[in-house]
Amino acid sequence: MKTPVVALLTDFSTRDWYVGSIRGVILARCPRAQLLDITHEVPPQDVVAGAFTLAAAAPWFPTGTVFVAVVDPGVGSDRALLAARADGRCFVGPDNGLLALALAKAKRCAAVRLTNRRYWLKEVSRTFQGRDIMAPVAAYLASGGSLDRLGPPLPRIVPLALPAVQRRGRSVYGQIVHIDAFGNLITNLPASLLEPGGGLTRAALRYQRQVARMVSSYADGRPQELLGLVNSQGWLELAIREGSAAWTFNAKRGDRVELAP
Amino acid sequence: MKTPVVALLTDFSTRDWYVGSIRGVILARCPRAQLLDITHEVPPQDVVAGAFTLAAAAPWFPTGTVFVAVVDPGVGSDRALLAARADGRCFVGPDNGLLALALAKAKRCAAVRLTNRRYWLKEVSRTFQGRDIMAPVAAYLASGGSLDRLGPPLPRIVPLALPAVQRRGRSVYGQIVHIDAFGNLITNLPASLLEPGGGLTRAALRYQRQVARMVSSYADGRPQELLGLVNSQGWLELAIREGSAAWTFNAKRGDRVELAP
Amino acid sequence: MKTPVVALLTDFSTRDWYVGSIRGVILARCPRAQLLDITHEVPPQDVVAGAFTLAAAAPWFPTGTVFVAVVDPGVGSDRALLAARADGRCFVGPDNGLLALALAKAKRCAAVRLTNRRYWLKEVSRTFQGRDIMAPVAAYLASGGSLDRLGPPLPRIVPLALPAVQRRGRSVYGQIVHIDAFGNLITNLPASLLEPGGGLTRAALRYQRQVARMVSSYADGRPQELLGLVNSQGWLELAIREGSAAWTFNAKRGDRVELAP
């Protein structure tokens, strides 16, 4: 019998009892589950960062994994909670764009709005729906439960409010959308721009008046040199070998990046 | 056969090898155990914060869970170590008040002092009893071991040294006892004060010359507005919607709060 | 059937999706594995700190545990990746000294260079070999796979570049090699120096013009007093009871320490 896997992503940090109580609720209702963390350090209430992180991690988990994602500035408001099944994986979270990137690539996807209180905790607080609604729903799905019973179909989920890539002349302008733990700067420019047909096979990546040298690996860089490369998720990234591009350039999310021929 | 669950709470942080070695010891002696974390980021040697956090998280875990809690300024001194069974859950930790809140609500509770070295590691260091004594004892309990064998009964455990709520005139004075990861300010004022019989059903919650508006959910707040609400554990809490009350008010643990009619 | 244990140590932090995707890859290929963390907060690219931490934690894990250690400034360069079996435990990581301390004490040790792409992910990025090579190799070993198939024998692994203890006159000079989560200062001076035969049974430990009082437990210290003691791993350590020696002395890794008769 297969071990059910439940993977968690939140902005709760692990400093408090929040994540622990979610783990407890899931395990009390699905004792065989293996609980794993993606991260609990999404910047507080940053739905965009959470969506990127979830979409980057989810494809590496086994089929059948149930993901619980909680980055939810609207907790207690009237935004919906949803559960979705996409290509054999399940996702539970608020309908605020957080799940949108992870669900976008699915070939088959069905979503429902969580309304059936039978699968929630008996007492539901207004401030902690992650524990009171999402955790027991995830445990139900991990135990082999049916999506249909959780509530009515949700024909369309809320998309993620993401900055668009802009073209002006022959250049493409993007921005830094994520700064990782090593200080690498991940942009919203997809690697496909550099491929045949992308129009920019021999492009220069510009940031703060510097031109990044395009390399295929961090190890190709020289000390303090700004590098451009395609990261393991397919996005263009700025980096410094054995250093932090974020510190060196005092980089911030939203900083503009130009890809020019 | 049920998977034994062992849940950990410490002030060790996860930066070091401490928690890893505790996990290893438990798993070496109870290979089927599922190890879960409540948190390892209790402020160093802060027994009060650890006690609140453990008491908040523990009820959500399944019956049979063994909790190992280590926040222990007195390691190596002559304070006792204890194990307790309370309403079907087991607790292992120092007898310094850390377990007191979690055990306080139990209907049935038995405690023993850890003295039987047979259930410890063969070599016991004086500085790391979490690994050398508490971890193997927890593994023994998780494997179905008997509390009685671990040592003699402990008739009375050390209570937690907590600030008391004070009444003056018609007001009740409490203080901030915990600041959570979102910057919400949790007080030692129980929600029962606001209930019929609590005498303050229409009370104002005052902090730093401001009066918090009592709401039932974060989402009811306006930008930058100080809110008062009952949190999911039953304590009065000060919060700012989509913001940090801790940052806005430069709040500190111990800050005074007044609940007035 | 025994549950396979896979223990992770990296410098990735848990803020990002990196560790989550490694967990996913291992679990997708070895669904019965229990995944545990030693730490993901090794200071970025600090191979020495990672080596100390791994060596300190590994002996406490059960026989059969597979360790995946990734602190790898040379990712994408031509340094080798290795897998080793030592006294019944397996280790997977870069051949840059990171595994050297953990393997040094083994009675029996066999190592191979990872070259057989059959056990890697199909697509291997140049920037994330932890996920693409080390994780699937670890899953293979945790599933009972054979070390020999992973690649050719590696007769000699790269040693760790560690500061040496120096003797001058009757004194022994070491340095702070690690500062733990409590601000305790761990040195590279082994406790054996204080044992009969070590020549310094009644030695004074000096740091920043202060002489630490040698005690056998933190609890023997007085407030603000600098203590010297043998920590649970057998290294001399400087500490302050219920305080942080690191903060009090503004200590840094590399600070000099003298052990004098």
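Hydrogens, waters and symmetry mates play no part in the numbers below; they use all other heavy atoms, side chains included. A note on names: the letters A, B, ... follow the listed sequences, proteins ahead of strands, and every chain is numbered from 1.
Less than 6.0 angstrom separates the ring centroid of A:W235 from the ring centroid of A:F52.
Heavy atoms closer than 4.5 Å to chain A are found in the backbone of C:A33, but not in its side chain. With a threshold of 4.5 angstrom between heavy atoms, A:L229 approaches chain C through side-chain atoms but not through N, CA, C or O. When heavy atoms are compared at a cutoff of 4.5 Å, C:L121 approaches chain A solely by way of its side chain, counted from C-beta outward. Neither the backbone nor the side chain of C:V19 comes within contact range of chain A; no heavy atom of the residue lies under 4.5 Å from a heavy atom of that chain.
Contacts with chain A (heavy atom to heavy atom, under 4.5 Å) involve these residues of residues 35-45 of chain C, listed by number: C:L35, C:P44, C:Q45.
The two residues C:A251 and C:I176 make their nearest non-hydrogen contact at CB-CD1, 4.4 Å.
Applying the side-chain hydrogen bond (donor to acceptor under 3.5 Å, both in side chains) rule to pairs touching residues 133-161 of chain C yields nothing, sequence neighbours excluded. Each salt bridge (Lys or Arg N to Asp or Glu O under 4.0 Å) pair with one or both residues in residues 83-94 of chain A, not counting sequence neighbours, would appear here, but there are none.
Taking CZ of C:F67 as the reference point, atom CZ of C:F61 lies at 5.5 Å (rounded to 0.5 Å). Atoms CZ and CD1, on A:R253 and A:I186 in that order, are 11.0 Å from each other to the nearest 0.5 Å.
Most heavy-atom pairs under 4.5 Å with chain C: of the set A:S244, A:A239, A:S216, this distinction falls to A:S216. Taking chain A as the reference chain and counting heavy-atom pairs below 4.5 Å, the highest number among C:S13, C:A28, C:P31 is found for C:A28.
For the residue pair C:N184/C:H178, the side-chain donor-acceptor check at 3.5 Å is not satisfied.
Between A:R213 and A:D220 there is no salt bridge, since none of the side-chain N atoms of the basic residue sits less than 4.0 Å from a carboxylate O of the acidic one.
Qualifying side-chain contact (heavy atoms from CB on, under 4.5 Å) partners for A:V211, counting only residues two or more places apart in sequence or in other chains: A:A204, A:R206.
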